[in-house]
Amino acid sequence: MPQARYDQRVRALVEVYGGPDDWEEAQRRFEEHGWPVRGFSEGGEQPRGAALDPDPEARVYEIEVRLFGAVKACDRGAANRVRKAMYRARLEAYVRFAEPIRRDREMFSQWRIVDSARHRARPPHSWRRAVSRLALRCGRYDVGGVVSGQPRQALRLARTHTPQVAGAGVRPLDGRWRGTVRYWPEEETERRLFHAVSWSLLTAAALVFAAGRSGFAWWFWVTVAGLGAAGGVRAGTRLAQEGRRFGVVAVLLMTAFLAASGLGHFDGDGRGWTRRQILMAALVIGVTTGLWLLVRQWSWGEWVAWAVPLVVTLALSSFLAAGSVLHALYADGLSLSPDDIEVPTVWQVLAAAKLLSLLSPVLVVPAWWGIARHRHHFYAAPGERLNVALNACFFLLMLGVVTLQALDSARTAVNRTIEAAEHGDDPPSYFGVEPEWTCVEPAVPVARLSGEGPHLSPERPYFSFGVAGGTAVLWDRTTREPLKLRASQVRLTPAGSGTSRCAAPAVGDS
């Protein structure tokens, strides 16, 4: 299906061998990809084919490749796309020439058509003249219609195409007509503003990283901040062809404001930005940008046939499997089994959401792919498989990092629980797992207790993880081992704290 949306246009000369059947197949492939055929020639003739050796088996097509991505290297990206399309069609074809089609668009000044005869009918040299000028600016004499161009061009257009208005004139809707230079397109303005803001943010972030450091680290981040400031000044000079000083001053003021905010000069506590916040913000911005660059190139057919089923499958499987992963890691850290801990479904869902948030760095892989495609790096010629290998290695690396993060989350919770047990403090909860200090009173003689683990000492409290499957799951802080007793043989009562002593058991040892 022809591609309706695109960013760049590239003119390419494609030489196709194989005779009429292959020529028709190649032309059909061009149309399927939405690449208009502007012309073709036989055996190395025109268009632009005089430099090629004549060959009766060859036909040179001039096509227009329309593609997404950046302007830079779009000609190479277009050539690689055509090469891949012909390779998949098993056609012998060569991209002989490719050049981007660039249009030097200009933003002309906008004008509103007015009735000049009515405007000039006011008596001169009186207060009515000032009122008439104000009314003109407010649209009192507008007759409908907008024209664009230089002042003289706009006036000629208004008088030529509105003959029903005697003495038609124009009034400006913007200030571009006063400029002595041409204006660049709107998207160019957005790109230059993006560069100015990016350099300012880089400078502020580098100053935050430099604060509190010394030696090589301090010099490194100060150097980065200086480079960022220099880039910001350069971006400020390019914000406008005229009034460069204003652009530079604006960028410097923005940089100073961001740096002061990052260093905490505007906060009451003076904390400012943390390095972790900066890294996470950069990760989120990079991943979001990369994913947006990736999905904007997908057609509805790709979404329905590939993306939607994959997303649904991953979401369901992740939530079904992830609900007990963190709990299992936490239980293993305390020498418990996952069956020893009963967690409500709500907390399993929250634990799954936490695990998926830890898996979010894996999105760096498709985000990186989206940025690489936007920069035309992922359309190599057939046979080049280095990118696939690099992506696989990078994915495995990120998956390993995520695994370490999940292990660190559970390990941190276990260490806090053990520390609370050693000091007799209230234990922290972990996604629905809420251990509490409990006194254990045997309902049968201690010697007849059924269970596993260290010997029970009823005079001191234990951590209780509740009752699972008819078994009271306890944890002994002295031996740091679990103690599992039959729930029907003990009575569990809350203890005030880990330092309190429990009442003497009512049942003796005999």
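One is the number of the first residue; the rest follow in order along the sequence. Just so it is clear, the model here is predicted, and its values are computed rather than measured.
- A salt bridge links Arg28 with Glu32: the closest approach of a Lys/Arg side-chain nitrogen to an acidic carboxylate oxygen falls below 4.0 angstrom.
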Pair up each side-chain donor or acceptor in residues 201-210 with any protein partner under 3.5 Å, not counting sequence neighbours, and list the distances.
| residue | atom | partner | partner atom | Å |
| --- | --- | --- | --- | --- |
| Thr203 | OG1 | Trp199 | O | 2.9 |
| Thr203 | OG1 | Gly228 | O | 3.4 |
| Thr203 | OG1 | Ala229 | N | 3.1 |

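- Phe40 has its side chain out of reach of Val16: every pair of non-hydrogen atoms, C-beta onward, lies at least 4.5 Å apart.
- In this structure, the side chain of Tyr61 engages the main chain of Trp23 through a donor-acceptor pair within 3.5 Å.
- Considering only heavy atoms from C-beta on, Lys72 stays 4.5 Å or farther from His376 through its side chain.
- One finds the CZ atom of Arg81 at 10.0 Å from the CZ atom of Phe68 (value rounded to the nearest 0.5 Å).
- Side-chain contact check for Arg59 versus Pro20: every heavy-atom pair is 4.5 Å or farther apart.
- Residues Glu15 and Val60 form a side-chain contact, since some pair of their non-hydrogen atoms from C-beta on lies under 4.5 Å apart.
- Annotation: side chain of Glu25 is in contact with side chain of Leu91 (closest heavy-atom distance under 4.5 Å).
- Residues Phe30 and Met86 meet the side-chain proximity criterion, which asks for heavy atoms closer than 4.5 Å.
- Using a 4.5 Å heavy-atom threshold, the side chains of Ile278 and Arg275 count as separate.
- For Tyr94, the ring-ring contact (aromatic ring centres under 6.0 Å, His included) criterion is met by Tyr17, not counting sequence neighbours.
- Annotation: the span from Ile101 atom CD1 to Arg66 atom CZ amounts to 8.5 Å, rounded to 0.5 Å.
- Using a 4.5 Å heavy-atom threshold, the side chains of Arg373 and Leu293 count as separate.
- Using a cut-off of 4.0 Å between Lys/Arg side-chain N and Asp/Glu carboxylate O, Glu64 and Arg38 are scored as salt-bridged.
- Side-chain atoms of Thr237 come within 3.5 Å of backbone atoms of Arg234 as a donor-acceptor pair (strictly under, hydrogens ignored).
- Note that CD of Gln8 is 8.0 Å distant from CZ of Arg102, once rounded to the nearest 0.5 Å.
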